Every structure is written in C-alpha cells, then in structure tokens.
Amino acid sequence: MKRYKSAGDITVGVIGYGGAFNMGKAHLNEMKLAGMTPAAVSEIDPERLKVATADFPGIETYGSVAEMLKKSKVDLLAIITPHNTHAKLALQCLNAGRHVVCEKPLAITTAECDAMIAAARKNKVVLSTYHNRHWDGHILGAMKLIRAGAIGKVVRVNVNWGGWGKPGDWWRTSRSISGGILYDWGVHLLEYTLQIVNSEITEVNGYAWSGVWASQTKWKADTNEDDAFLTVRFKSGAWATLTMTQLDSRPEPVMLKVVGTRGNLSMDWNNCDVITHAGAETVTRRVPNPKGEGWKLYQNVADHLTKGKPLVISPEWARRPIHILDLAVQSAKQGRALKAMYA
Ligand SMILES: NC(=O)c1ccc[n+]([C@@H]2O[C@H](COP(=O)([O-])OP(=O)(O)OC[C@H]3O[C@@H](n4cnc5c(N)ncnc54)[C@H](O)[C@@H]3O)[C@@H](O)[C@H]2O)c1
C-alpha cells in the first residue's frame with residue numbers, strides 16, 4: 001500500500017452531501033482537522049452540490065461517481081449515502097484504486113462486506129467505516145470502568161432504542177433501502193456491545209414484527225419492521241440483546257446496560273450509574289461520561305496512511321455488527337437461531 005509522506009498529501013472527497021444532518025460537511029471538516037486536504041464532492045442532487053461549493057469554495061464537484069473517478073485524482077472517499085448503495089459505490093471506488101471510509105453500516109449483508117474487503121485487499125487500498133461512535137463519551141467511560149474491574153466479568157449487555165409512533169417517510173424507514181429497523185442506530189449499539197464483550201460471536205437469534213405502521217407510510221409493504229429484537233451468544237458465555245422499536249413508548253432498560261459478575265453499569269448520554277453491592281446494601285455511584293472523541297477516527301485513518309499505525313475501525317471489525325444484523329434478519333425469517341460464520 002502507498003505510504004503518504006504527510007496527511008496534507010492525502011486528498012479527500014465525499015460521495016453524498018445530504019441535507020438530513022449535513023454529514024458531507026462534517027466529514028470534510030473532520031478530515032481537514034486530521035490534516036488531510038478536501039478536494040472533491042460527488043452528489044446526484046444539484047442543489048446539494050451548490051451547498052458544497054458554498055461550504056468549500058473551489059472544491060471539485062461531480063454529478064456522478066463514475067465522472068469523479070474518471071476526472072479526479074482524489075485519494076480517499078467517504079461514502080455518505082443511503083445504506084443499500086454503500087457496497088456498490090465502495091466497490092466502484094476501491095476498484096478504481098481509491099481508499100474508502102464508508103458511513104455506517106458498512107453494508108447490509110455479510111456477503112457485501114466480504115466482497116468489499118476482498119476488493120480493498122486486491123487493490124491494496126484502505127477500507128474503513130465511519131464508526132465515529134466508537135469514541136462516544138459513554139462508551140469511553142464504560143470501557144474505562146470495565147477495564148478497571150468495576151463490575152467484574154461481563155455477563156450480559158442490553159442495548160435498545162426507539163419509542164412509540166409512526167416512522168418518518170424518509171429513506172431510513174424503507175426496509176429495502178435502510179436494511180430494516182435494526183440497521184441505522186442498531187449498528188452503533190452493536191459496535192458498543194462488541195467493544196464491551198471481548199469475545200467471539202457464536203450464535204444469533206432474531207425476532208421481528210411488521211405491519212402496524214405499514215399502511216401509514218409511503219413505503220407500504222417495504223416499511224421497516226415495527227419492532228425487532230435480537231440476541232447474540234458469545235464464546236465466553238456472555239450474551240447481548242438489541243431492541244429497536246416503534247411500538248414501545250418506554251423501552252427499558254436505559255440505552256445501554258452492562259451486567260457483570262460484581263455489579264452493573266446503566267448508561268444514558270450524560271452519566272453512567274455504577275451499581276455494586278456491599279453485603280445487603282446496593283451502592284449506586286453516578287459517574288459523568290467523559291467527552292466524546294469522534295475526531296480520532298480520521299486522525300487514525302491519516303496516521304494509518306502516513307505512519308502505518310494500525311487501523312482502529314478495520315473492515316473486519318466493521319463486518320462483525322453487520323454479520324449479527326444479517327443473521328438476525330435471516331433468523332427472524334426462519335424462526336430459529338443461526339450459527340455465526342465470523343467470530
Ligand atoms: N455516523 C453518524 O453519526 C451518522 C449520522 C448521520 C448519518 N449517518 C449515515 O450517513 C449515511 C447518509 O445519511 P444522511 O443522513 O447523510 O442521508 P441524506 O439523505 O441526508 O443524504 C444522502 C445523500 O446521498 C445522495 N446520494 C444518493 N445516492 C448517491 C450517489 N450514487 N452518488 C452521490 N450521492 C448520492 C443523496 O442525493 C443525498 O443527498 C447513512 O449511511 C447514515 O446511516 C451516520
């Protein structure tokens with residue numbers, strides 16, 4: 001793989017400059033912060049290309065990825081488009097010899113991830129995923145407490161997200177575009193889980209309920225599931241659950257709960273309650289979450305390309321939550337647990 005002399009020598013671009021969260025601007029700014037040089041934007045919506053030009057005057061703009069790959073020498077591309085386009089666009093870029101940081105989820109199926117990883121290896125380029133939430137304050141805080149032995153050995157992780165109400169009419173609520181209710185936030189929550197449970201995935205069970213909201217969204221039969229749940233079994237004996245719901249106004253427990261042999265962690269965005277036991281007495285210690293450090297993602301990518309530092313979000317790491325999600329979707333259809341092919 002080509003080693004760059006300095007981060008400034010790495011020219012970077014984005015595919016997708018969407019308006020929902022202004023993620024194209026956020027990526028280019030973070031890449032710039034890591035010392036890399038913004039160079040190009042590809043977007044199929046001409047109005048969004050105008051916004052990109054206003055944000056980054058002089059940046060190259062393209063109406064298609066094929067045109068960009070033909071005309072631009074840009075070295076590294078972030079793919080920031082709807083989920084079902086990630087694999088195809090990444091393969092196009094990797095096979096054109098460009099490094100790729102694909103937004104989460106890396107892809108929808110394990111097979112797509114496999115093809116992307118093979119293309120990156122064949123073309124000797126980097127493939128990573130924008131798992132910026134790897135460095136969220138609450139997971140940084142939880143990992144510190146777990147490593148310090150605050151709750152003993154990890155037995156169970158419960159993550160959940162959702163509420164009650166009709167899903168929106170955006171692409172995130174189309175099952176065939178998003179991958180389903182489990183994928184958007186679920187992939188972040190599973191990435192937290194895999195940090196916490198440092199063990200091999202052995203088996204996944206998935207459950208899904210559909211139809212309650214389908215008639216009320218523009219996607220009809222293709223609307224995301226109303227409620228979905230999965231369990232993961234790990235080689236260490238630990239297990240994890242993920243719930244994503246549009247049917248539960250009070251999803252319990254709080255966003256992230258870890259049960260250990262000597263205590264529990266119960267986390268929300270701001271604090272982590274460390275619950276331990278002294279004899280018959282339950283002791284709750286509230287620890288504020290540290291500040292998030294999501295900027296470290298592109299710093300690590302730049303250090304990898306210039307100094308050969310190990311990539312934190314390797315494609316093999318990013319494939320793990322996708323493998324769980326893919327198995328859960330298949331398991332829900334088949335009504336049985338499925339063995340993992342990748343640990
Ligand atoms: N990591 C995070 O914290 C985070 C936050 C928000 C979104 N995301 C992820 O970012 C991705 C995009 O989400 P978003 O909220 O920006 O969506 P969005 O709908 O705002 O933007 C998507 C953009 O992609 C463009 N697009 C679609 N196909 C294209 C193609 N072939 N070539 C060029 N542009 C194309 C669309 O025109 C649109 O402007 C998703 O994978 C989502 O999960 C991640």
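Quick caveat: nothing in here was measured; it's all calculated off a predicted structure. When a ligand or atom number is given, it counts from 1 through the structure's own listing order.
- Salt bridge K339/E203: present, at least one basic N to carboxylate O contact under 4.0 Å.
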Between ligand 1 and the protein, tabulate every N or O atom pair separated by less than 3.5 Å, reporting distance only.
from	atom 1	to	atom 2	distance (Å)
ligand 1	1 (N)	E103	OE1	3.3
ligand 1	1 (N)	N132	OD1	3.0
ligand 1	3 (O)	N132	ND2	3.4
ligand 1	15 (O)	R172	NH1	3.2
ligand 1	15 (O)	R172	NH2	2.9
ligand 1	19 (O)	W171	NE1	2.8
ligand 1	20 (O)	G19	N	3.4
ligand 1	20 (O)	A20	N	3.0
ligand 1	37 (O)	E43	OE2	2.4
ligand 1	39 (O)	E43	OE1	2.9
ligand 1	39 (O)	E43	OE2	3.1
ligand 1	41 (O)	T81	O	3.3
ligand 1	41 (O)	H86	NE2	3.2
ligand 1	41 (O)	K104	O	2.9
ligand 1	43 (O)	H83	NE2	2.9
ligand 1	43 (O)	K104	O	3.2
ligand 1	43 (O)	K104	NZ	2.7
ligand 1	43 (O)	D184	OD1	3.4

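- Using a cut-off of 4.0 Å between Lys/Arg side-chain N and Asp/Glu carboxylate O, R286 and D273 are scored as salt-bridged.
- Residues passing the salt bridge (charged side-chain N to carboxylate O under 4.0 Å, His left out) test with K32: none are found, sequence neighbours excluded.
- Linking Ile, Leu, Val, Met, Phe, Trp and Tyr whenever their side-chain heavy atoms come within less than 4.5 Å leaves V259 and L194 in two separate clusters.
- The pair E316-R319 fails the salt-bridge criterion, with no side-chain N (NZ, NE, NH1 or NH2) lying under 4.0 Å from an Asp/Glu carboxylate O.
- Counted within 6.0 Å of NZ on K5, heavy atoms from surrounding residues, nucleotides or ligands total 12 or fewer; the atom is thus considered open.
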